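Structure first, commentary second.
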Protein chains: 2
Amino acid sequence: MTSKPGPATPAFPCDGGEPLALDNQLCFALYAASRAMTRAYQPMLRDLALTYPQYLVLMVLWEWDAAVARGESPDAGVGALGRRLMLDSGTLTPLLKRMEQRGLVERRRAPRDERVTLVSITEAGRALRPRAQAWVERQLEGAGVSREEVDRLRCQLWQFLGKLGTAG
Amino acid sequence: MTSKPGPATPAFPCDGGEPLALDNQLCFALYAASRAMTRAYQPMLRDLALTYPQYLVLMVLWEWDAAVARGESPDAGVGALGRRLMLDSGTLTPLLKRMEQRGLVERRRAPRDERVTLVSITEAGRALRPRAQAWVERQLEGAGVSREEVDRLRCQLWQFLGKLGTAG
DNA sequence: GCAATTTATATTGTGCACAATATATTTGTG
DNA sequence: CACAAATATATTGTGCACAATATAAATTGC
């Protein structure tokens with residue numbers, strides 16, 4: 001057995017005394033919380049046979065698919081996907097190839113500009129959406145966190161991210 | 001050039017209408033914020049020639065080192081390190097070997113229990129601490145975020161993490 | 001005292017992340 | 001039109017993360 005980290009039982013003080021103490025570092029809190037969140041999604045991801053970043057890609061493609069259904073023409077290239085998820089092509093290209101192998105997405109060159117690779121969802125990829133939605137709604141009820149707390153935290157994170165982008 | 005994600009300019013609504021919309025997912029906010037934070041540390045990490053998880057390991061070892069200096073005897077095995085950082089041995093073992101190669105840490109078997117690998121810091125590893133501290137303090141000033149905002153966000157993240165561990 | 005179980009770490013394999021670089025296409029400039 | 005610069009993606013290489021498994025030492029039950 002690989003030695004598991006076990007339950008998270010760190011002291012999490014909110015004062016922030018020592019600058020270099022591990023628990024006082026926002027970076028570690030973000031890092032630990034992000035991985036814990038991904039772990040919390042594992043039951044769903046196992047059920048859908050997806051990885052977490054693959055699930056994120058599908059969420060974007062579901063949005064694009066809905067936009068196309070509304071008559072819009074979203075930029076559906078790898079670059080647009082990367083800007084949306086803040087991931088680069090070195091991450092996305094192999095990931096998309098695996099998803100293409102599984103029949104979840106299609107990749108083809110844009111006729112107008114042969115440099116861009118257009119990514120679109122398949123019927124098999126569309127079929128995962130209601131299953132994911134059911135999971136997420138069940139999770140919202142099951143977890144011991146209120147909808148307000150989640151919204152507040154998410155909002156603060158995006159504000160913080162915006163400041164990191166401009167000032168950092 | 002690898003297509004970079006570019007500046008983070010998502011719409012970050014705080015209402016949370018559509019349940020499956022990407023920007024309404026706390027998981028994505030955490031994931032994006034954590035990676036953005038790691039990016040923000042890159043200048044320091046490049047200067048110290050460390051990776052981000054290696055820096056976290058050093059922070060724990062600095063704490064252990066201070067505890068030893070106070071006459072305490074902290075559990076200094078790989079398992080304790082993993083519980084502290086919520087990482088398992090499959091991640092830590094190769095990482096520690098690389099740090100050992102660079103002369104930053106020492107690894108040896110515990111005489112009392114030959115199963116445990118004791119990890120301790122070297123003088124070269126100690127020498128990085130003041131340099132890191134200087135960087136972190138400079139960062140706190142330079143970033144456009146207040147100390148209070150950072151503390152509040154960090155506190156909320158730990159509370160959230162605790163609930164994920166118990167209820168999720 | 002010794003087999004069965006538990007505990008602690010290491011190993012193997014897959015899939016991200018991202019830096020550095022390469023390739024190919026398009027666009028601007030003379 | 002030729003050709004330099006810009007653009008979009010792909011490739012390569014390193015280092016996490018983590019699941020599944022293997023190995024070895026310690027502990028427990030009898």
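Fair warning: this is a prediction, and the values are worked out from it, not measured in the lab.
- Across C:dT6, D:dC18, C:dT26, the shortest atom-to-atom separation from the side chain of B:R115 is found for C:dT6.
- A cation-pi arrangement is absent between B:R39 and B:Y41, since the terminal nitrogen or guanidinium carbon is not both under 6.0 Å from the aromatic centre and inside a 45° cone about the axis.
- Closest to the A:P53 side chain, of the nucleotides D:dC18, C:dA17, D:dA25, is C:dA17.
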Give every pair of a protein N or O atom and an N or O atom of nucleotides 2-4 of chain D that lie under 3.5 Å apart, one pair per line with the distance.
none

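- Checking D:dA10, C:dA19, D:dA17 against every side-chain atom of A:R35, the shortest atom distance belongs to D:dA17.
- Here B:T117 lies in heavy-atom contact (under 4.0 Å) with sugar-phosphate atoms only.
- Of the side-chain N and O atoms in B:Y31, one or more sit less than 4.0 angstrom from OP1 or OP2 of C:dA17.
- Between A:R39 and D:dC18 there is a side-chain polar atom (N or O) within less than 4.0 angstrom of OP1 or OP2.
- DNA chain C lies under 4.0 Å from at least one heavy atom of each of the following residues of residues 92-100 of chain A: A:L95, A:R98.
- Listed by residue number, there are no residues of residues 104-111 of chain A with a heavy-atom contact under 4.0 Å to DNA chain C.
- Under 4.0 angstrom from either OP1 or OP2 of D:dC18 there lies no side-chain N or O belonging to A:Q42.
- Closest to the side chain of A:T51, from the set C:dC16, C:dC18, D:dC18, is C:dC16.
- Nearest-nucleotide mapping onto DNA chain C: of A:E114 and B:V116, the residue sitting toward the 5' end is B:V116.
- Between the CG atom of A:L45 and the P atom of D:dA19 there is a distance of 11 Å, rounded to whole Å.
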Run B:R107 and B:E100 through salt bridge (charged side-chain N to carboxylate O under 4.0 Å, His left out) and show every step you take. CA-CA 7 Å; B:R107 282 156 23 95; B:E100 187 180 36; 3.1 Å; yes

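- Rounded to an integer number of Å, the gap from B:L81 CG to C:dA8 C1' is 14 Å.
- Minimum atom distance to the side chain of A:T91 is reached by C:dC18, of the listed C:dC18, D:dA26, C:dT25.
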